[in-house]
Every structure is written in C-alpha cells, then in structure tokens.
Amino acid sequence: MDVTSIIDSLNPAQREAVSSADPYQLVLAGAGSGKTRVLVHRIAWLMQVEGLSPYQILAVTFTNKAAREMRERISDLIGFAPQGMWVGTFHGLAHRLLKMHWRDAGLPEGFQILDAEDQLRVIKRVYAALNMDAEKWPPRQAQWYINEQKDEGLRAAHIQQSPDPFTVAMLQIYHAYEEACQRGGLVDFGELLLRAHELWLNKPELLAHYQDRFQHILVDEFQDTNSIQYAWLRVLAGNKLGMTAVGDDDQSIYGWRGAKIENIQNYTHDFEAVTTVRLEQNYRSTATILKAANGVISQNANRLGKTLWTDGQDGELLSLYAGFNEQDEARFIGERIQDWIAKGNMRSDVAILYRSNAQSRILEEALLRLQIPYRIYGGHRFYERLEIKNALAYLRLLMNRHDDAAFERVINTPTRGIGDKTVQRLRDTARAHQQSLWAAAETEVENLPARASNAVRGFLAMVSELAEDYQSLTLDGLTDQVLEASGLLEFYRREKGERGQTRVENLEELINACRAYEAPDPDSPALPQFIDEAVLDAGERQAESDEDAVQLMTLHSAKGLEFPLVFMAGMEENLFPHKMSLEESGRLEEERRLCYVGITRAMEKLYLTYAETRRLYGQESFNRVSRFIRDIPSEVLQEVRLSANVSRPTSFVKKPATLSDEGSGSGFALGQQVKHKIFGEGVILSFEGNGPNGRVQVNFVNEGTKWMVLQYAKLQAL
DNA sequence: AAGGCAAATGTTTTT
DNA sequence: CATTTGCCTT
C-alpha cells in the first residue's frame, strides 16, 4: 500500500485530517487552506488504507460544480474513476433516493421536480382555488414562507396555528399547496429533502439498509447546511457511520436562506467524541491580504476561532480608492485593469466583486468604454430561461402526455390560435372528468368552435407525431425535431431584436447539451434522466467559458473562487454592509463574513473602492466608507489618489447622449470589418445606445443585416 | 395576440 | 433611474 502518495504532499494539519482514525471529525477549513484537497485525499485514504470500497462512501456537496470537481479530483488522485461511490448535492442524492424508493416515499413513479418558477405557478393556482387575496399576501411571500418552513423540516401540519392573520393565510396556502403537489406528483426543492428525511424516519428497514451500506459520510461546506439537511445526515449517520464534516464558520453567508451556522456546534455535541482539526495555513493569498482578512473577521463574536497564515510573501498593500461618484469608481477599476493587461496579464485573472447586482451596470459600462471584455456570473440560470423551459416542456409532454404543467406551458407557445378561453374550457372539462388536460383536449376538440378546434387538433397531432419519434431518435435528434416541428425555433428566430437571437443561440446550446449528455443509467431512456438533471442543474457548463474576460460577480457567487487581482467595489455603508442587514446583529455579522469571503478571494492584489456620491434607484446618496474598511489594519492599507486635480467634478459631468456620440466606447467604428462566431464576416453599419445594451447593426457577407447586442455578440475586429 | 402604458419595485441565490 | 409586471386597448 503506497500511502505516501496520499499524505506526502500535505501539511501536518491536513495530514491529521486525512488520516484520522476517529469516527467523527470536524475539519475547520479556512479560506484557501486546501479544503477540497483534504476531502479528496481523505476519500483516497478511506479506500486505500482503511479498505473501504467506493460503494461504502457517501460524499455530499452543495453545488453540482463542487460534486463534479470532487469526482474529477478523486479520479486524478487514485488513477481511476471510483465506481459506485455516491457523490452529489443534497438535492441530487435525495432525488436519487426518492427515484429508487418512490413507493416508500409515497410518490408516483414519475414525479416531477418543480423549480422556483414552477413552484410559484402552483402557488398562484392555489391562490385562485382558495380565492386568496394576492394583493394582501403576495404569492412570492407565500413561496418564501413555504420554503422557509421546509428548510426547517416543517410541514403545514407541524406548524402551530396562530391568531395572527399572516400565519393563518400562509398556513392555509401551505396546506392547499401540499395537497396540490401531492395530487400532481410535484416535488419542490425543499420537498426533496423533506421526503428523503421522512424516508429514513418512516422506513427503518430502508434506513438500516443504507446504514449498512455506507461506512463513511463526507460533507462539504458544512456551514451551509440547513436544518433539514443536517437532520437527514444525523439520522443516516446514527451512531453507526463515520463522518467527516468540512466547513468554515467564517464563510457562512447563506443564513438568510436557512443555512444554520449552529449546525457546526450541534455536530460536535450530537455525535460522540468529535475531533476538530483546524486548517489555517493559506495557500492562496499574500500575507498582507490575510492580515486584512483576519482583521475584519476578528470583529465577529462567537467564532470557533481560526487565524489564517501563510509562509509566503507579504506582497503588495491593499489599495483603497475613493471615487468621486460611481462612474469614477468604475473608471478607476477599468483603468487599473488596463494597466494589468498592459503588463501582459490575463483578463480572466481579474474579478470585480460587488454586494448587489444593481452595481454591475456602471461597471459594465466602464469596461465597455475601455474595450475590456468581461463576463458576468449569475443572473438567470441556463435551464431557467424561458425558451429552454418551453423546449423542456415539449419534451416532458412527449414523455408523459398527462403532464398538465407542461401542457399548459406549450399549448399556445408559440402562439397557434389557442386562446385563454379555449384553455379555460379544457381546464374545466379536465376538472369535471378528473382527467388530464391532454385527455380533456382529445375529447373536447370535437365540441370547440371550428377555429379553436382546428388549432387544438393540430397541436394534438403534432405532439403525437413527435411522440412516435421518441423511442427511435437520439436525445439531441429528438430535441432538434421538437424545436423544428413545434415551431419554437422559428418563433424565436422571428422575434425581433437581439433577444430572439440569444434565445435561438440558447436553444442551439440546448441541443449541444443533449448531444453531450451521458445518462447515469445507460440502460433506461435518456430523456427522463436528462430532464430531472436539468432541473437540479444550474447549468454551470457555460461558466467554463474559455474566453479571456474579466469576471464580474456578487460577493456571494465568488465564494470558492480565487483570482490574482480582485476589486471589491461599493465599499460603503448602506451598500455593504447593506442597510437591510443593519437591524439584526446576526445579519451584520453575516455581512462581515461576506467581506471576509471577498478579501480572501484575492491572491496577489486587492483593491477596495467606494464612491463618495452614488446614484442608486434614481436617488443620490452620500455614504460613508464601509465600517469594514476600518477593521482592516492600517499598515496593510494604502489610499490611492489619482492626479487629484483631474479627478474632480468637471470631468464627470454626464454628457448627454447625442446621436453622433453613439457607438463611442463600443470598441468598433462604423464601416469596420468584424467577425462573428456563427455569422462570419461583416461590416458595421450603425450603432444604437451604449453600455451593456448597446447594439450594433452588422451587414454579414452571407447572412445579411442583423442587429446584435455587443455584450453577447462577441464580435471580433478584423 | 400583440403592443402600449402605468404602476410597482429594486440584497444576497443553490437546489 | 430603469427594468419588470400587470392591465388595458387595438
């Protein structure tokens, strides 16, 4: 047994964590301390030294990306892909269990997963059925309430009735929502976890089976677990299985979403003799950056306690820049990035982090003006985009003609003359006969007015025809067929503006995803597996884009990433810490952890910037510099002032956008030769607007004239 | 069914 | 301020 390859490259603390013989372990892993490395090596150790088979190991992560990375790194380390190991997200694993044991879980075999949008739709339907006042209790609030309860492991029946009208209304909705989901075989994200937990409680023999099977559980990002996730783990582990929990209380930033930082402490009490290992040596940042990070986080009370250190260089001081306003701040950042690139560095090594998405626009505009390519993280996820969801709804309908949600979604998408009245009639018929909308449509089609009747008949025939291809075609072939036959692709092709073009590109990307898809179970049809995975997948595939672009993202989405050069923008009171979080002290501490997360993303150089005046939501505000800045030891912080006389008001008077002005800053000139990935070569004919929504009209040699958004078009100057 | 208009609304986000 | 949503009109 060659143990050396597993522990040789590790530091003492990592080694202790990896080779521990104790059944329960807590690894407090500071930012950049080799957390994933420890998890991966621990798994290798369990297999190669303690003799566990992959089959006996369960590894839980928070995101699909993390799960994927862990799998890859295990394979790299041990030299082959471990077969039979369960590595996945809480939701993914719960889904897997429920799929296998649907009967025991009280679900129909083909239950559907609801994403946030689907869930809201169901809630709105419940409102209609209950005659609930959507003005008084916004459906979003009900959705929030339901999810909050589910995160805590509470069903409607568990919640105490209370006299206050809010609770009364919410409970009524929650009850009706549960019924609607049960009737329709619908499972939301929280429900996956709740059912998986109940599966353990209600089916002891099943629990026993898995406790027998798994010998060790590894949990990543333990500080992000919510109550129901922890409960699920706790029951499964019983006092039988070993467990390695890895997390960092200082990086807990999802409390507002139900994450319970207390789970870390609970773990040490709920299990016997939990040994704690601290990983404090940081391999990412300079000593200077770590000093700043430690300074900030030390202001929080009740920490489990960790101090990051490095044996590396001090590196450069942090720079603080006070912009005159947000434009100036953005310009400063852009210029520093230009300097960076001029020195031969990669744009993709630069990240601009901010507290809230609203800040991104000004930054984008500045980058656009300076012709610096950038990429924004976050926003709408791939599989949540309208066109993608519509395409998936067609596919779902092919799998199951009685999927009402899918039916409703596509019956008149693209529009084919089936209006609200007709659909309402189908709903009524379906309800009266206790049947699906599809079944109702099949019978009711004869009784409809001629025009609607023809339209419905056409729709039914189209879907039936497609369904015949379902078995014979490959996944991408089928999707391609669906997009063509349904008219969906054509519909978006015709949609004017660049919006349609992006949608068409996304649909093409969907076909690519289908082509590349490898079903976990090759023996059963790929489509259902693909659909389920899509709902549970944020679609980070696009994130791994290879273009060299500056990365813009919120502080939240930066967690887990690292960049040589980092900018934290908007370091102002009310913005960061956000004013919404000032009331409760717990919230403020979470903001501080967010700041700590931000600082520790930086490897070499960190800029902190703020604006003395900021225009936000149409209001001019004068915010003081963030209190977090004052928590940074002054000896590591240097204030930057650029040629002060130039940087004052006059140069920032907003120029009114005149027609001739347009196009400036786009990086392109009228008549310029450009190249597009899909459309080939062309010439720029005109501009419209600027900023992220700035558009260019391009006359392509082969494709004719098109308008496109600069941000998406990725035009290349020739 | 599409387009126009007023009103609401604006932390953070994975699954 | 700017974007999204719902509602109304054609």
Side-chain angles (χ1 to χ4, degrees), chain A residues 60-67 88-95 113-120 124 134-135 138-140 144 147 150-151 187-194 196 221 224-226 228-229 252-259 326 353-362 377-381 383-384 412-422 455 491 494-496 532-540 553-560 570 574-583 587 590-591 593-595 597-598 614-621 654 689 691-693:
Chain A
V60 196
T61 63
F62 224 69
T63 66
N64 288 302
K65 193 173 156 201
T89 63
F90 279 101
H91 293 85
L93 296 170
H95 175 244
I113 306 173
L114 297 178
D115 67 13
E117 190 207 327
D118 300 332
Q119 184 187 31
L120 192 59
K124 284 179 176 167
E135 301 278 289
R140 286 199 176 277
W144 176 253
N147 291 337
K150 288 193 176 187
D151 281 347
V187 174
D188 62 41
F189 291 137
E191 188 73 19
L192 284 170
L193 304 174
L194 211 44
E221 305 278 20
D224 284 340
T225 52
N226 63 29
I228 188 70
Q229 287 163 337
S252 164
I253 55 174
Y254 286 112
W256 51 276
R257 202 168 75 182
E326 74 278 7
L353 312 180
Y354 37 81
R355 175 68 240 264
S356 63
N357 287 308
Q359 288 170 254
S360 74
R361 222 189 39 248
I362 305 291
Y377 262 68
H380 11 239
R381 252 137 232 87
Y383 289 106
E384 272 173 14
N412 200 32
T413 313
T415 48
R416 47 173 74 85
I418 303 174
D420 255 3
K421 249 179 110 185
T422 309
F491 178 71
R494 280 162 193 260
E495 192 181 2
K496 63 179 168 156
D532 280 338
E533 245 178 78
V535 184
L536 292 175
D537 186 356
E540 296 122 330
M553 69 190 84
T554 62
L555 287 157
H556 281 91
S557 33
K559 196 174 81 165
N574 296 324
L575 198 61
F576 189 37
H578 197 276
K579 65 167 175 293
M580 303 298 266
S581 57
L582 289 177
E583 279 119 49
R587 287 264 172 246
E590 186 158 307
E591 295 280 301
R593 293 193 290 267
L594 192 54
C595 183
V597 167
R614 182 179 295 273
R615 195 176 191 87
L616 196 64
Y617 304 140
Q619 293 266 306
E620 198 96 343
S621 51
K654 223 180 179 177
N693 298 320

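Convention: sequence-line order gives letters A, B, ...; per-chain numbering from 1.
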[X] side chain near [N] phosphate (N/O to OP1/OP2, under 4.0 Å):
X	N	answer
A:N357	B:dT12	yes
A:Y377	B:dT12	no
A:N147	B:dT15	no
A:T554	B:dT11	no

Heavy-atom donor-acceptor pair, A:H91 side-chain to B:dT15 base, under 3.5 Å: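 Indeed there is one.
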Stacking of A:W256 on B:dT12 base (centres under 5.5 Å, planes under 30°): yes
Near-parallel close stack of A:H578 and B:dT11 base (under 5.5 Å, under 30°):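 The base of B:dT11 is stacked with A:H578 (centres under 5.5 Å, planes under 30°).
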Flag, side chain of A:H91 to backbone of A:L192, donor-acceptor distance under 3.5 Å: no
Any side-chain heavy-atom pair of A:I113 and A:F189 under 4.5 Å: yes
Touch class at under 4.0 angstrom, heavy-atom based, for A:S581 against every strand present: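 Base: the residue A:S581, judged by heavy atoms under 4.0 Å, touches a nucleobase.
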Touch class at under 4.0 angstrom, heavy-atom based, for A:E591 against every strand present: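 Base, at least one base atom sits under 4.0 Å.
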Proximal nucleotide (of B:dT11, B:dA1, B:dT13) relative to the A:H556 side chain: B:dT13
Interatomic distance, A:D420 CG vs C:dG6 C1' [rounded to whole Å]: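 Nearest whole value for this atom pair: 14 Å.
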Separation of atom NZ in A:K124 from atom C1' in C:dG6, rounded to whole Å: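 It is 10 Å, rounded to the nearest whole Å.
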N-O pairing of A:E326 and A:R615 below 4.0 Å: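 Salt bridge absent between A:E326 and A:R615.
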